[in-house]
Amino acid sequence: MSNGVVWDMSSLFKKFNGPDMVKFRNDMKKGFAEFQKAASTTAPLNAKNQAKWEKLFLDAQKLFAGCSHYHTYIDCICSADASNEEYAKEAAVLSLFDAEELKDEMYLKMAFKNASDKDFKAFLARPKLAANKFFITELRENGKRTMDSNLEALASDLSVDGFHTWGRLYSTVSGKLNFDMHYPNGKVIETPIAQCRSLMGDPDRRVRKAAFEYGNKAWETVADTCAACINGLAGNRLILANKRGYKNFLDVALEQARISRKTLDAMFAALEECKPFIMKMAKAKAKAVGLKKLAFYDWEAPLDLPDAGNFTWEEAVKIVENSFKLAYPKFCEFFKSAIKNKWVDSEPRAAKRPGAFCTTSFINDESRIFMSYTGSLSDISTLAHESGHAYHSEVMKGMAPYCQKYPMTLAETASTFSEMILANGILNDKKASDALKLSVLTNSVNDMIAYMLDIPTRFKFEKAFHEERQHGEVSVTRLKEIMSEAMRNSFGEMQEKGGENPYYWESKLHFYATDVTFYNFPYTFGYLLSSGMAAMFKEEGAKFLPKYEAFLRFTGDEMAHKVAKKTLKVDLEKKDFWIKAIMGHEEEVKEFEKLCKKVLKK
């Protein structure tokens, strides 16, 4: 028995900086140079140059697939060994590839945006482009919101040593930050700030509160630097959005997420309408941990359930396998194959980065799952979550690479759906103890708090912050006020007085992500969409699965609400679907309360 496994990366490249990798890297550099030279010297799309732009588009798509392959390999080896300086240097090369890829798309946008409707229609009708109609049309529409080609190229180049520098500065500052953790027994231990949130997940409230208070003292020492970072990122985005002709800064996030404003508004309207149930859920969580109201450091508080189990890696794999097999045999077979083929790296070891992810190459259609398994039920959920991402890619295998470029909103749907299958499998297992089932339901309630309260809080903060940032830099004092106001607004009656976290804008990495703006609402979107689909699965049984797979296949080929209407026959632009998805968790909360009384005697 073991605590995990190590993946096999040899099917991507035989070894780091080996002949095959060197050739691939050089071919990519050559490909980018040749594409951009040809694109920059070719007139925008017209009746006479359609064949040339067809070739250029297909060349760009091939380079995009190459980037996904290189990303998969470099991201994986860097995460598995963060101490390796050679790997870190190669990550910088990857950043340059990303910038070149953005330039490629810019050239395509410029070529298509001013083409006549007649010429563009003829271009879309070309047989080799049939699979890419949506993406090409999207490029044309997005192209109408671009600066001229020289300015876009400059913006792309500056992003490496300008915009992304703010994100790297935050990573450096937060990565080196430590705090003095004061334990209830009187011990004071210097602790990396990265461990602060996990300490706030301790069953002992004294530990949670100490981590919160002393962690914030550390964040206070770098508040000015973090404020400069978050202001710099937002300022850069606002300037570019304005220069590109966006009417509202949220339009950029909606475009990236491929959702309409109607969809976003419907989802948040449903959350407000269901507030009484959400508060009831939060009250149940508070009661379970012996509280009347919740402070920030209680959001993820676990129940003290020593009999819930600690699992070996082999046991974890079996639990996931059994849950998938019971509900979704096809998914189960894929999962078994991924384990057998060593697509997973779960062994905890020195120099391995924290966190978990799944990444896929569009060249060899293989995924890799990264995590560190320590034996907890939460780790088992992570394995199921990341396997959901991998299965999403498996369902899309063979499609045009650009068609597999689905948005974050829909990416989080498959992974969360997989977690729900796992939870149902354990809850329906007659051999599972009441303590284990309560642990599963505690995770479910914590998810509800995260997706229905925490993430909406982040959205409210970020929206209010950007509104003020349009008029100038926002001070540390004001950032703290906006954050506290957002928490009080979301948690309402269940917020303990003084229990808000005014430094959450500093400690949450997502606010400093440079690859996507408003890195928050897509998680709630994916969670609630998954909840709605889980309810449909429960009602329809196996008949639902072909619809689900059709949904996954189309996630990169249409706006989110159109994908849902086309495959699931639901309307995401109306709040009815979202309300049903939220209220579908009522039974879980009732069962949670029931088991709390039985197991905790509360």
Side-chain angles (χ1 to χ4, degrees), residues 3-4 82-83 170-226 285-312 346-356 371-379 382 435 438-439 442-443 446 449-450 454 480 483-484 487 495-509 600 602:
N3 286 324
S83 66
Y170 173 81
S171 294
T172 299
V173 170
S174 60
K176 293 181 177 180
L177 190 64
N178 295 322
F179 72 105
D180 289 329
M181 177 60 195
H182 291 239
Y183 286 91
N185 62 7
K187 283 187 176 181
V188 178
I189 300 175
E190 186 177 17
T191 307
I193 200 70
Q195 294 180 24
C196 186
R197 194 67 189 257
S198 63
L199 285 166
M200 281 191 273
D202 194 278
D204 189 334
R205 197 177 196 231
R206 295 172 300 169
V207 173
R208 298 199 301 270
K209 186 177 182 181
F212 170 72
E213 291 179 346
Y214 288 99
N216 274 357
K217 285 184 178 181
W219 283 116
E220 188 176 6
T221 65
V222 294
D224 288 336
T225 303
C226 291
K285 171 63 188 290
K287 183 179 179 182
V289 293
L291 300 170
K292 290 185 178 181
K293 297 187 178 184
L294 298 169
F296 175 80
Y297 47 86
D298 299 316
W299 292 2
E300 297 177 3
L303 305 188
D304 194 0
L305 297 168
D307 296 326
N310 190 280
F311 308 90
T312 66
S346 64
E347 179 190 72
R349 56 184 182 271
K352 191 174 180 180
R353 287 178 182 170
M371 61 181 291
S372 291
Y373 184 75
T374 59
S376 70
L377 180 62
S378 177
D379 289 338
T382 297
L438 180 54
S439 186
T442 302
N443 285 347
N446 284 350
I449 290 174
D454 179 8
K480 290 161 60 180
M483 190 79 256
S484 296
M487 285 188 178
Q495 176 76 58
E496 182 177 274
K497 187 176 181 180
E500 60 270 13
N501 182 5
Y503 289 100
Y504 197 28
W505 60 271
E506 265 191 281
S507 61
K508 194 64 192 175
L509 171 65
L600 304 175
K602 290 183 179 181

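Residue numbers run from 1 in the order of the sequence given.
Contact between Ala211 and Met200 at its shortest, heavy atoms only, is CB-CG, 4.0 Å. The shortest non-hydrogen separation linking Thr382 to Ala356 is CG2-CB, 3.6 Å. Nearest heavy atoms, Ala223 versus Glu506: CA-OE2, 3.3 Å. Between Val289 and Pro302, the shortest heavy-atom contact is CG1-O, 4.0 Å.
Other residues, nucleotides and ligands contribute only 12 or fewer heavy atoms inside 6.0 Å of the NZ atom of Lys209.
Inter-residue side-chain proximity for Arg349 and Lys352 is flagged as met; some heavy-atom pair is nearer than 4.5 Å. Two residues are said to be in side-chain contact when any heavy atoms from C-beta on lie closer than 4.5 Å; Lys293 and Gln495 fail this criterion. The shortest side-chain heavy-atom distance between Leu600 and Leu305 falls under the 4.5 Å cut-off. For the pair Glu496 and Phe296, the minimum side-chain heavy-atom distance is 4.5 Å or more.
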Tell me, with the steps shown, if Trp505 and Cys226 meet side chain to side chain contact (heavy atoms under 4.5 Å, CB included).
CA-CA 9 Å; Trp505 60 271; Cys226 291; 3.9 Å; yes
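Taking Glu300 as the reference, Arg197 meet the side-chain hydrogen bond (donor to acceptor under 3.5 Å, both in side chains) condition, with sequence neighbours excluded. By the side-chain hydrogen bond (donor to acceptor under 3.5 Å, both in side chains) test, Arg353 is found to be paired with no residue, residues two or more places apart in sequence or in another chain being considered. Residues that satisfy the side chain to side chain contact (heavy atoms under 4.5 Å, CB included) test with Asp298, not counting sequence neighbours, are Arg205, Arg208, Leu291, Leu294, Ala295. With sequence neighbours excluded, the residues forming a side chain to side chain contact (heavy atoms under 4.5 Å, CB included) with Thr374 are Ser376, Asp379, listed by chain and number.
Atom CG of Leu177 sits about 12.0 Å away from atom OG1 of Thr172, to the nearest 0.5 Å.
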Donor-acceptor pairs under 3.5 Å, side chain of residues 213-222 to any protein atom, not counting sequence neighbours: which ones?
| unit_1 | atom_1 | unit_2 | atom_2 | d |
| --- | --- | --- | --- | --- |
| Asn216 | ND2 | Asn501 | OD1 | 3.0 |
| Thr221 | OG1 | Ala218 | O | 2.5 |

Name the atoms and distances for all side-chain donor-acceptor pairs under 3.5 Å in residues 184-191, with sequence neighbours left out.
| unit_1 | atom_1 | unit_2 | atom_2 | d |
| --- | --- | --- | --- | --- |
| Asn185 | OD1 | Lys187 | N | 3.0 |
| Glu190 | OE2 | Asn178 | ND2 | 3.4 |
| Thr191 | OG1 | Ile189 | O | 2.9 |

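Ser174 contributes a side-chain N or O that, together with a main-chain N or O of Tyr170, makes up a donor-acceptor pair within less than 3.5 Å.
Inspection of the Tyr504 and Asp454 side chains reveals an N or O donor paired with an N or O acceptor under 3.5 Å.
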